[in-house]
Amino acid sequence: MYDFCMSDFQLEMGDSISGLLADGVEGTPWVGATIKMDRRRGLVVEVPYLQGVDGGQFDHVRHWFESRKAPTNMELLTPEGTVGLFGIVWLGYRAPFGAWKASVGKLQPSVAVLESREGRFEDPLVIDEVYSWIDGMNVWSGLSAVSIEPLVDEKNIANELTLKVKSEMVFEWAQGDANMRIQSIWSEESESDGYQRKVLIADDVSLVSSFRSGPRSFDDHYREQQKVCHLMTFMFGRQLFIRRHALRDERFSYMIPGREDPIKPRIQLISSRTFADSVRDVPSRDKLSDPLANFQMVGMGGMEVWSAEYEKWERFILPSVNVLGREGVFAEDVILSTSMSMEAAGELIGECVGEECLKGSGRNIPVSLCIYRCLRVLELELSSEFGGMVALSRAIANTYNAIKHSSRGCFPDGREVSVVCDLSKLIVRLLALHVAKVDLNSCIRSYVSTALGKIITKMAYWSMSIDENGKWCYEE
């Protein structure tokens, strides 16, 4: 969606800008400060001040740092624009002695907004709408704001190009009190010099949250958006990161002559919660080209079910999204986390036909039984190399237990770990669709068949299989 812009002021990684810091308290002097976008520490505000002989100019600043009680909200007025600082916490200070030197205190806002807010300083930050740009959203949603139509002449040579940009708000669903939508958004930027002219069209897709009950904190918006991001993580089988945020809100609006309604532009928002994600390496298109199921397959109904079931299935969701596709993670760590997920899922799924042979004598449900329940509800078509559903459940559980418990002796064979790692990742990704009550259509089953085929090829290369008792067998 193309918007009126309040300013072109943006903060990027590595930027540093100085200005005057206002705390909103009547009578206190404004002080100089510098805001930095530091890759390691995040968003940091540095405030220089003097100890002692200053005529009281820095009394309030010394109090901030010595008492560790800085104002919760402040504003930094810079030559480029105003930065609203919300949820400020004390980081520390350095106070040299024995010389005429400035002390430096450091503060960190939980949220920074690149515009001044109307109203009282001390009011908590609540927001009408939060926009977030997430890895893979363009591919997963299939949306685009740009359509291109070339026209050809009688010689079949393209001599005209029609380019149309239009924002589409195609997908919308409810998550409890939250309204969620995925929409295409476009923006335009022109460049020219003495050599050439360019018109650059950005074609993006954003996840947008709002609440029917009214404006809410950024954390509330983030919590609802994270549910969507976690489902996408299962669909892509890799880590996905939020690259940037923006807000729209009544208190960050302005009026123009001849218009009755206020203009509410999208304004950059920087969060300490997602700052580290924004500096991660952006995944290549190849790694995001083939999700297990796209948004159209999940549907608005699936999204509503996923969000409604999220808290109930959280013990299944969180261990797996923490390791799926994470760079540098050990296969053993993947097995531990995904097996924890399958344990939680198995308890929620409940009893299934054919599980009697896996029941133990104790009160706790065996891991192999939980894994069997997961496989049973997925109704996977397993080849003979896996020895059947019961045997495969035992093989995965045995590998998991051999990694987890030192009493089992040595770590399991690396080949077995590799196969179980691949199988476990596929199972938990499919279970996410089960949670959202998404039927495994022919496209999804084709994806699963290809994935299982790759695992079988790996097993054939190592001449390995699983017997009916869940033991690994190797041909000579």
Side-chain angles (χ1 to χ4, degrees), residues 6-7 9-11 15-38 41-128 214-219 247 249-255 262 264-265 267-272:
M6 194 169 282
S7 72
F9 180 35
Q10 298 285 309
L11 276 178
D15 285 353
S16 175
I17 188 168
S18 298
L20 294 173
L21 190 63
D23 62 5
V25 178
E26 187 175 353
T28 59
W30 292 3
V31 294
T34 300
I35 189 167
K36 297 181 178 180
M37 290 277 283
D38 185 88
R41 296 180 300 169
L43 197 63
V44 177
V45 179
E46 294 186 348
V47 186
Y49 62 99
L50 294 177
Q51 295 278 357
V53 187
D54 53 33
Q57 179 182 355
F58 296 105
D59 286 349
H60 62 300
V61 182
R62 282 196 298 273
H63 176 72
W64 295 349
F65 295 107
E66 292 174 5
S67 68
R68 303 190 180 191
K69 295 179 180 179
T72 303
N73 303 332
M74 290 195 267
E75 282 189 349
L76 182 67
L77 283 71
T78 79
E80 302 297 329
T82 300
V83 182
L85 308 171
F86 301 93
I88 294 171
V89 296
W90 178 94
L91 284 185
Y93 69 98
R94 185 176 68 252
F97 293 94
W100 186 250
K101 298 179 180 178
S103 302
V104 178
K106 294 180 180 180
L107 304 170
Q108 187 165 57
S110 62
V111 173
V113 180
L114 271 59
E115 189 51 70
S116 178
R117 183 182 66 166
E118 302 249 343
R120 301 187 307 168
F121 263 63
E122 61 269 24
D123 288 349
L125 177 65
V126 290
I127 307 166
D128 288 332
R216 297 283 282 272
S217 69
F218 173 79
D219 284 349
L247 66 76
D249 187 78
E250 192 76 31
R251 293 179 68 176
F252 293 90
S253 62
Y254 64 98
M255 299 293 295
K264 295 196 295 183
I267 300 169
Q268 184 183 8
L269 180 152
I270 303 167
S271 167
S272 61

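Bear in mind that the values here come from a model prediction, so they are computed numbers and not experimental data.
Taking CD from Q10 and CD1 from I270, the interatomic distance works out to 8.5 Å, rounded to the nearest 0.5 Å. The OG atom of S18 sits 8.5 Å away from atom NZ of K36, with the distance rounded to the nearest 0.5 Å. The CZ atom of R62 sits 8.5 Å away from the OG atom of S103 when rounded to the nearest 0.5 Å. How far CZ of R68 is from CG of L107: 12.5 Å, rounded to the nearest 0.5 Å. Atoms CD and CG, from E80 and D15 in turn, are 9.5 Å apart once rounded to the nearest 0.5 Å. With rounding to the nearest 0.5 Å, the separation of CD in Q108 from CD1 in I88 is 10.5 Å.
Around atom CD of E122, more than 12 heavy atoms belonging to other residues, nucleotides or ligands sit under 6.0 Å away.
Across W64 and M74, no two heavy atoms sit closer than the pair CH2-SD, 3.7 Å. A pairwise comparison of heavy atoms in S253 and E118 identifies O-OE2, 4.4 Å as the closest pair.
A 4.5 Å side-chain heavy-atom check between K106 and V45 finds every atom pair outside the cut-off. Under the 4.5 Å side-chain criterion, counting only non-hydrogen atoms from C-beta, L85 is in contact with L21. Side-chain contact check for L20 versus V31: every heavy-atom pair is 4.5 Å or farther apart.
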Report task. Check step by step if side chain to side chain contact (heavy atoms under 4.5 Å, CB included) holds for L125 and V113. Result -> CA-CA 10 Å; L125 177 65; V113 180; 4.2 Å; yes
Report task. Evaluate side chain to side chain contact (heavy atoms under 4.5 Å, CB included) for I35 paired with I17, printing each intermediate quantity in order. Result -> CA-CA 6 Å; I35 189 167; I17 188 168; 3.2 Å; yes
Report task. Show your working on side chain to side chain contact (heavy atoms under 4.5 Å, CB included) between V111 and L269 and close with a plain yes or no. Result -> CA-CA 7 Å; V111 173; L269 180 152; 3.7 Å; yes
Requested in this report: Report the C-alpha distance between Y49 and Y93 in whole Å, list the side-chain angles of each, state the deciding distance to 0.1 Å, and finish with yes or no for side chain to side chain contact (heavy atoms under 4.5 Å, CB included).
Outcome: CA-CA 10 Å; Y49 62 99; Y93 69 98; 3.3 Å; yes
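Listed by chain and number, the residues in a side-chain contact (heavy atoms from CB on, under 4.5 Å) with V126 are P215 (sequence neighbours excluded). In terms of the side-chain contact (heavy atoms from CB on, under 4.5 Å) criterion, P48 has no residue partners (sequence neighbours excluded).
The backbone N or O of T28 sits nowhere less than 3.5 Å from a side-chain atom of D23 that would complete a donor-acceptor pair. In this structure a side-chain-to-backbone donor-acceptor pair under 3.5 Å is present from W90 to F65. Checking side-chain atoms of Q57 against main-chain N and O of W30 turns up no donor-acceptor pair under 3.5 Å. A donor-acceptor contact shorter than 3.5 Å is absent between the side chain of E75 and the backbone of S116. Side chain of Q268 to backbone of L11: a donor-acceptor contact under 3.5 angstrom is found. Side-chain atoms of N73 come within 3.5 Å of backbone atoms of D123 as a donor-acceptor pair (strictly under, hydrogens ignored). A donor-acceptor pair is defined here as one N or O able to donate and one able to accept, closer than 3.5 Å; no such pair exists between the side chain of R117 and the backbone of R251.
No hydrogens or angles considered: nothing links the side chains of S110 and S272 as a donor-acceptor pair under 3.5 Å.
Side-chain rings of F86 and F218 stay apart, their centers remaining 6.0 Å or farther from each other.
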